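Each remark here refers to the structure printed beneath this line.
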Protein chains: 2
Amino acid sequence: MVRIDDVAKRAGVSISTVSYALSGKRPVSERTREKIHLAARELGYLPNAGARMLAGRRTHIFALTEPFRSDTHAPSHMAFVLAASIAARRHGYDILLLTDEDSTQGMRRVEASGLVDGIIVLDVSPNDERAELARSSHTPTVFVGVPDNTDGLMCVDLDFAGATASAVDRLAEAGHRKIAMLGHPAGNYETTNYAPRARQGFRDRARELGLEAYFRPLSEAQFAAEDAYRLTLEFLDNGVTGIVLNTEERSHKAVLDAITARGLDVPRDVSLVSVGSIFDTSGFHRAIDSIPLVPEHSCELALQELVDAVEKQHVEPGVRLVTPEYRSYGSVGPHA
Amino acid sequence: MVRIDDVAKRAGVSISTVSYALSGKRPVSERTREKIHLAARELGYLPNAGARMLAGRRTHIFALTEPFRSDTHAPSHMAFVLAASIAARRHGYDILLLTDEDSTQGMRRVEASGLVDGIIVLDVSPNDERAELARSSHTPTVFVGVPDNTDGLMCVDLDFAGATASAVDRLAEAGHRKIAMLGHPAGNYETTNYAPRARQGFRDRARELGLEAYFRPLSEAQFAAEDAYRLTLEFLDNGVTGIVLNTEERSHKAVLDAITARGLDVPRDVSLVSVGSIFDTSGFHRAIDSIPLVPEHSCELALQELVDAVEKQHVEPGVRLVTPEYRSYGSVGPHA
DNA sequence: TTGAAAGCGGTACCAC
DNA sequence: GTGGTACCGCTTTCAA
């Protein structure tokens with residue numbers, strides 16, 4: 001194993017100068033800096049992780065806690081893990097997976113052993129037990145998602161209310177006066193925080209604009225697509241001309257099928273906007289405008305917060321909402 | 001932070017005795033052992049990770065490299081990551097995620113910095129570049145999957161050939177003489193190692209038993225289900241009475257649909273065995289016998305190998321195949 | 001059966 | 001701008 005002394009010797013300087021030259025924590029003359037970097041590169045030197053942790057009180061590792069529940073949607077979940085990991089690497093941190101059945105146990109463990117500099121919490125539920133733990137922890141922690149009680153917590157999430165609101169805006173601009181929203185399975189309005197926020201944004205903005213607006217949740221997951229089909233037919237038969245979708249992928253297809261079944265066309269007769277989807281809505285037979293949930297955005301912001309907290313040694317609690325981004329694929333047209 | 005001196009003080013012994021009592025690397029009298037464990041528990045003591053790495057030359061962390069390719073099947077992938085992580089924890093190790101675009105880069109990094117005690121390689125391709133790296137590495141590495149050249153490598157995988165062979169056995173025992181196998185998309189027979197092995201086991205055993213046997217791959221993923229439907233009809237029309245499935249979930253449904261479409265019944269007219277599936281085949285409308293790919297089995301075996309190599313400081317190269325396990329759900333019946 | 005003390009390989013303070 | 005060195009908290013050898 002190549003040690004810092006090896007680099008120092010080869011560059012003809014002291015080990016402290018090597019340390020400073022590589023960390024940049026103290027000015028070093030251009031010439032020595034180059035010599036040192038060259039030597040380090042030639043030797044393939046990387047500081048020993050353990051020594052760095054011990055002496056520097058910094059591990060350059062973040063823990064990622066993610067309870068794998070039975071209802072976990074694997075593709076979304078993976079996208080978030082991957083996005084978090086990539087964002088972390090960009091800041092020079094590695095990700096340690098915390099998969100203990102009891103998620104608080106893993107957090108306690110890494111905290112007590114000083115294994116990580118910070119913790120990223122995924123898959124946040126409204127009354128998440130990890131919230132309380134984070135409050136009493138000395139390890140900076142960021143939530144990707146929003147629990148009910150956010151006191152003293154750093155949270156990052158998509159602005160779901162803003163997203164549905166701007167979907168309503170878009171439909172209103174196009175002249176639609178009677179709109180509807182298809183939501184998640186009803187249970188999600190109890191077990192998640194984002195579903196109600198999305199609904200709220202829809203209702204509030206529709207009221208502000210004086211639109212006639214209907215909201216319908218789906219029933220449980222396995223029947224969601226059938227539900228979406230049936231409810232869409234209902235909407236259409238009631239003269240709805242703009243629909244906001246906040247559902248999983250299969251229901252999107254079902255909605256398109258229902259519209260076709262009535263002999264109608266998007267966007268000629270009906271306009272569609274998908275909100276908070278993590279999949280690609282431009283790939284459907286009929287591409288659908290989207291205000292997507294982009295894991296990369298949420299995670300990048302979360303990591304910035306976390307790195308800041310770690311390196312400034314001071315956490316700034318608060319909920320940061322990612323600004324929704326409208327992606328136009330031509331599924332919204334003027335009201336006939 | 002609670003340090004070892006705190007525990008030593010509270011237990012009234014020296015720090016070396018605490019270290020030995022907790023690691024068990026040296027006999028300690030029953031009485032002191034108890035005192036020390038009590039003190040440690042009361043104080044919530046866990047050894048500092050950095051200090052342990054530095055002094056003990058062991059990090060208790062394994063790296064997990066998993067290139068996320070576009071064709072990655074998220075649910076399977078997640079199941080393997082989770083299984084690996086759980087198996088690792090059971091052995092007292094944590095998992096560090098390596099998601100660099102260039103997978104060898106991450107491996108080099110953790111090796112040079114001594115961040116991990118070992119490496120787990122997932123999603124192995126036939127000519128995996130990580131194989132060469134593992135050979136020249138001093139960090140013990142285990143492959144979950146089998147590359148073409150396994151010289152000097154530790155590999156673990158399901159015995160796919162054995163699995164299809166025993167599926168053939170089961171059909172032969174039930175009196176079927178004309179059987180068929182539905183395989184993966186054709187490309188997988190070039191880009192993966194397990195697909196050809198499964199095909200091989202099917203062909204060889206059928207030949208040994210003198211059965212009339214047909215093998216058909218599917219076309220690319222998005223048309224797989226349609227293919228499966230069509231090919232199944234062909235099989236049935238040609239008098240095939242036993243079918244081995246080595247495909248993803250949707251094609252299983254398509255096969256069942258095709259059988260129904262011909263007015264036939266499982267297992268009265270046709271017998272079915274699924275091989276190497278990672279999903280639950282007992283949940284279909286018609287439950288299907290299965291010789292599954294169980295991530296927990298592969299990962300548990302892989303972790304045992306890796307832990308052994310790390311703790312005995314000696315790797316024992318070789319390919320360990322997990323013995324297939326036949327799960328009977330009543331989809332195989334006697335040949336009419 | 002137990003204790004004292006020498007490292008492990010860096011970081012960062014203090015001098016110059 | 002650069003170098004010497006006292007830690008960081010644990011493991012493990014050596015001695016008792």
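Given the structure is predicted, the values throughout are model-derived calculations rather than measurements. Letters go in sequence order (proteins before strands), and every chain restarts at 1.
Nearest-nucleotide assignment on DNA chain C puts the 5′-proximal partner with R33(B), out of G56(B) and R33(B). Toward the 5' end of DNA chain D, the nearer of the two residues E30(A) and S19(B), judged by each one's closest nucleotide, is E30(A).
A sub-4.0 Å separation between OP1 or OP2 of dG10(C) and a side-chain N or O of Y45(A) is present. At least one side-chain nitrogen or oxygen of K25(B) sits closer than 4.0 Å to the OP1 or OP2 atom of dT12(D).
Between L46(B) atom CG and dC10(D) atom P the separation is 10 Å, expressed in whole Å. Rounded to a whole Å, the CD1 atom of I15(B) is 16 Å from the P atom of dT2(C). For the pair I36(B) CD1 and dC10(D) P, the interatomic distance rounds to 14 Å; values are reported in whole Å. For the pair K9(A) NZ and dT2(D) P, the interatomic distance rounds to 20 Å; values are reported in whole Å. The CZ atom of R52(A) sits 18 Å away from the C1' atom of dC7(D) (whole-angstrom rounding). L54(B) has its CG atom 8 Å from the C1' atom of dG10(C), to the nearest Å. Look at CD1 on I4(A): it is 15 Å from P on dC8(C), rounded to the nearest Å. Remark: P of dT11(C) and CZ of R3(A) are 14 Å apart, rounded to the nearest angstrom.
Of the candidates dC8(D), dC10(D), dG3(C), the closest approach to any side-chain atom of A55(A) belongs to dC8(D). Checked against dG9(D), dT1(C), dG9(C), the side chain of N48(B) finds its nearest nucleotide in dG9(D). Of the candidate nucleotides dG3(C), dC10(D), dG3(D), dG3(C) has the atom lying nearest to any side-chain atom of T17(B). Closest to the Y20(B) side chain, of the nucleotides dG9(C), dG3(C), dT12(D), is dT12(D).
The base of dG3(C) sits with one of its N or O atoms less than 3.5 Å from a complementary donor or acceptor on the side chain of R26(B). Not a single donor-acceptor contact under 3.5 angstrom links the side-chain atoms of R57(B) to the base of dT11(D). Side-chain to base pairing of S16(A) with dG3(D): one donor and one acceptor N or O lie within less than 3.5 Å of each other.
Put simply, the side chain of V146(B) does not reach to within 4.5 Å of the side chain of Y194(B), judged on heavy atoms. Side-chain contact check for E66(B) versus L98(B): every heavy-atom pair is 4.5 Å or farther apart. Residues K35(A) and R31(A) meet the side-chain proximity criterion, which asks for heavy atoms closer than 4.5 Å.
Across all strands, V18(B) comes closer than 4.0 Å to no nucleic acid atom at all (heavy-atom distances). Contact annotation for S23(A): no contact, since no heavy-atom pair falls under 4.0 Å across all strands.
Under 4.0 Å is where a charged nitrogen must lie from a carboxylate oxygen, and between E311(B) and R58(B) no such pair does.
Judged purely by distance below 3.5 Å, without hydrogens or angles, the side chains of T104(B) and E129(B) never pair a donor atom with an acceptor atom.
When each of H60(B), Q304(B), E300(B) is paired with H91(B), the side chain to side chain donor-acceptor pair (under 3.5 Å) condition holds for E300(B) and for no other.
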